[in-house]
Amino acid sequence: MMKYNLCGRSGVRIPALSLGLWHNFGSVDSYDTARDMLLAAFDAGICHFDLANNYGPEPGSAEENFGRILRTDLAAHRDEMFISTKAGHAMWPGVYGDGSSRKSLMASCDQSLRRMGLEYVDVFYSHRYDGVTPIEETMQALVDIVRSGKALYVGISKYPVHLQQQCYDYLQSQGVPCLLSQYPANMFKRGAIADGPESNLSVAAENGSGFICFSPLAQGLLTTKYFNGIPADSRAARATGYLQERQVTPERVEAARQLQVIAAARGQTLPQMALAWLLHDKRVTSVIIGTSSVAQLKDNLHALEGLEFSEVELQCIDSILSVEGLAM
């Protein structure tokens, strides 16, 4: 059964597992498979769907396919769905097709709504700090997007900790608090969810923002996929992408093997335990899963059946992950 968590100090709940459309929902992918996964997720209680304007490929095609599925299958269920999208990375050619300026965010929001056939999204994120635009300009654009009725809430993604606090302060001062903070986090990338003042999760929790993790399986490293080398059809085998062959190190593969032993003793697969490990921290609102099949989606859902860890298990996991060279 799906578990729903409050987003920080707000009154809105989202599922502990959310479906991300970063991969496998673009124009180069099977539309029928994408539709099957989305409908299976909704039937299982996953009502939060996470997108961005540049998801595809081609950029924008994930939103287009999502909008098509909404129209043909889920039009009557809009009020049961929590839909988020983002802008900030390169999207279209030209000086305004990239970055976090007011000009780019406003245009991107309008384009995303058109692609999905929506009047509003539930959350509109600033996808990144672009290193140029003043925080006040970006955050005011988010505030005005909410006030215009094009989004119900706002969020930030991948902001450095010192700028993250500035975002919260500005948004709070305008009466539009940050609902969700989205960061990559997994067993090999623990910095964002560690304790202490340099932790994105700690700063978010202190400011009443919900926290949502993406890349929970380290792009496949926290599965058995790379136990016997790099498969030809894997992400690491591609010339481009977010997981490179050089990142599939012997140390990470060995750590994954050791983690699998703990998972098996818990009655879980390694991916299931990796998801449960993130959700074990009560400050984590949701974890975004990316799936390539309905079978994989259903397998991930079983993570919710084992969210508790013993102190011995946590200590063993920490010992495995403390080996030098694992961090990503």
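A search for side chain to side chain contact (heavy atoms under 4.5 Å, CB included) contacts involving Asp144 returns Arg102, Met106, Gln140, Arg147, not counting sequence neighbours. Remark: Tyr159 engages no residue in a ring pair (Phe, Tyr, Trp, His ring centres under 6.0 Å) (not counting sequence neighbours). By the salt bridge (Lys or Arg N to Asp or Glu O under 4.0 Å) test, Asp130 pairs with no residue at all, sequence neighbours left out.
For Arg35 and Phe66, the positive end is not near the middle of the six-membered ring at less than 6.0 Å and at most 45° from its axis. In this structure, Arg78 is positioned above the aromatic face of Tyr120, its NZ or CZ under 6.0 Å from the six-membered ring centre and within 45° of the axis.
Summarising the geometry of Met2 relative to Pro15, their closest heavy-atom pair is SD-CB, 3.7 Å, with the distance given to 0.1 Å. Here the closest non-hydrogen pair linking Thr285 and Gly8 is OG1-N, 4.5 Å. Annotation for Ala194 and Ser202: closest pair O-OG, 3.4 Å, computed over non-hydrogen atoms. When all heavy atoms are compared, the tightest approach of Ala274 to Leu217 is CB-CD2, 3.7 Å. The minimum heavy-atom distance between Val294 and Ala40, with the atom names listed, is CG1-CB, 4.0 Å. Annotation for Pro216 and Val287: closest pair CB-CG1, 3.5 Å, computed over non-hydrogen atoms.
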Subject >> Full working for side chain to side chain contact (heavy atoms under 4.5 Å, CB included) between Tyr183 and Leu201 >> reply: CA-CA 9 Å; Tyr183 288 85; Leu201 174 55; over 6 Å; no
Original post:
Checking side-chain hydrogen bond (donor to acceptor under 3.5 Å, both in side chains) for the pair Ser215/Gln219: CA distance, chi angles, key distance, verdict?
Top reply: CA-CA 6 Å; Ser215 292; Gln219 299 290 314; 3.1 Å; yes
Original post:
What do the steps show when you test Val12 against Leu6 for side chain to side chain contact (heavy atoms under 4.5 Å, CB included), and what is the final call?
Top reply: CA-CA 6 Å; Val12 66; Leu6 285 170; over 6 Å; no
**OP:** In sequence, state the C-alpha distance, the side-chain angles, and the governing distance for Ser209 and Ser181, and then conclude on side-chain hydrogen bond (donor to acceptor under 3.5 Å, both in side chains).
**Re:** CA-CA 7 Å; Ser209 173; Ser181 302; 2.9 Å; yes
**OP:** Could you walk me through whether Asn207 and Gln165 pass the side-chain hydrogen bond (donor to acceptor under 3.5 Å, both in side chains) test, one step at a time?
**Re:** CA-CA 8 Å; Asn207 285 273; Gln165 184 64 57; 3.0 Å; yes
Original post:
Does the side-chain hydrogen bond (donor to acceptor under 3.5 Å, both in side chains) test come out yes or no for Lys86 and Tyr55, once each step is laid out?
Top reply: CA-CA 10 Å; Lys86 319 174 194 73; Tyr55 287 178; 3.1 Å; yes
**OP:** Apply side chain to side chain contact (heavy atoms under 4.5 Å, CB included) to the pair Leu118 and Ile83, showing each step before the final yes or no.
**Re:** CA-CA 10 Å; Leu118 296 173; Ile83 301 167; 4.0 Å; yes
Subject >> Criterion side chain to side chain contact (heavy atoms under 4.5 Å, CB included) on Gln268 and Glu305, from CA distance to verdict >> reply: CA-CA 9 Å; Gln268 292 180 313; Glu305 299 167 6; over 6 Å; no
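Gln182 pairs in a side-chain contact (heavy atoms from CB on, under 4.5 Å) with only one of the listed residues (Ser286, Ser157, Cys213), which is Ser157.
Using a 4.5 Å heavy-atom cutoff, the side chains of His89 and Lys158 are in contact. With a 4.5 Å cut-off on side-chain heavy atoms, Phe25 and Met37 count as touching. The side-chain heavy atoms of Asp318 and Arg190, taken from C-beta on, include a pair separated by under 4.5 Å. Put simply, the side chain of Asp50 does not reach to within 4.5 Å of the side chain of Leu21, judged on heavy atoms. Taking the side chain as every heavy atom from C-beta outward, Ile14 and Tyr4 never approach each other to under 4.5 Å. Looking at Ile156 and Tyr168, their side chains come closer than 4.5 Å, going by heavy atoms from C-beta outward. Inter-residue side-chain proximity for Val161 and Ser199 is flagged as unmet; no heavy-atom pair is nearer than 4.5 Å. Counting only heavy atoms from C-beta outward, the side chains of Leu17 and Leu301 approach each other to under 4.5 Å.
Side-chain polar atoms of His48 and Ser84 form a donor-acceptor pair below 3.5 angstrom. In this structure, a donor-acceptor pair under 3.5 Å is present between the side chains of Asp299 and Gln272. Counting only N and O atoms by type, the side chains of Glu63 and Ser112 include a donor and acceptor under 3.5 Å apart. In summary, the side chains of Ser101 and Ser104 do present a donor paired with an acceptor at a separation below 3.5 Å, with no hydrogens or angles considered. A donor-acceptor contact under 3.5 angstrom links the side chains of Ser292 and Gln296, judged on distance only.
The hydrophobic cluster containing Leu113 does not contain Met91, counting ILVMFWY residues as joined when their side-chain heavy atoms lie under 4.5 angstrom apart, directly or transitively. Put simply, Val323 and Met273 are part of the same group of oily side chains (I, L, V, M, F, W, Y) that touch within less than 4.5 Å, one to the next. Note on Leu221: it does not cluster hydrophobically with Val261, by side-chain heavy-atom contacts below 4.5 Å among ILVMFWY residues. Trp92 and Leu51 fall into different hydrophobic clusters, where Ile, Leu, Val, Met, Phe, Trp and Tyr residues are linked whenever their side-chain heavy atoms come under 4.5 Å apart, directly or through other members.
Taking the six-membered ring where the residue is Trp, Trp22 and Phe214 present perpendicular rings, their angle passing 60° and hence far from 30°.
Between Phe82 and Phe49, the ring centre distance reaches or exceeds 6.0 Å.
Looking at Asp73 and Arg68, no side-chain N of the basic residue comes within less than 4.0 Å of a carboxylate O on the acidic one, giving no salt bridge. Taking a cutoff of 4.0 Å between a charged side-chain nitrogen and a carboxylate oxygen, Lys298 and Asp43 do not qualify as a salt bridge. Here Glu308 pairs with Lys282 in a salt bridge; the nearest charged N to carboxylate O distance falls below 4.0 Å. A salt bridge links Asp195 with Arg283: the closest approach of a Lys/Arg side-chain nitrogen to an acidic carboxylate oxygen falls below 4.0 angstrom.
Counting only distance, with no hydrogens or angles, the side chain of Ser319 and the backbone of Cys316 share no donor-acceptor pair below 3.5 Å. Checking side-chain atoms of Ser100 against main-chain N and O of Arg128 turns up a donor-acceptor pair under 3.5 Å. Of the possible polar contacts, one joining the Arg252 side chain to the Leu326 backbone as a donor-acceptor pair under 3.5 Å is found. Between the side chain of Glu313 and the backbone N or O of Ser310, at least one donor-acceptor pair lies under 3.5 Å. Between the side chain of Asn300 and the main chain of Leu297, no donor-acceptor pair closer than 3.5 Å is present. Judged by distance alone, with hydrogens and angles left aside, the side-chain atoms of Glu80 form no donor-acceptor pair with the main-chain N or O of Cys47 at under 3.5 Å. Between the side chain of Ser10 and the backbone N or O of Cys7, at least one donor-acceptor pair lies under 3.5 Å. Judged by distance alone, the side chain of Ser27 and the main-chain N or O of Pro57 form a donor-acceptor pair under 3.5 Å.
Within the model, atoms CG of Leu278 and CG of Leu222 stand 9.0 Å from one another, a figure rounded to the nearest 0.5 Å. The CG atom of Asp110 sits 11.0 Å away from the CG atom of Leu105 when rounded to the nearest 0.5 Å.
Crowding of Tyr31 atom OH: a count of heavy atoms from other residues, nucleotides or ligands under 6.0 Å exceeding 12.
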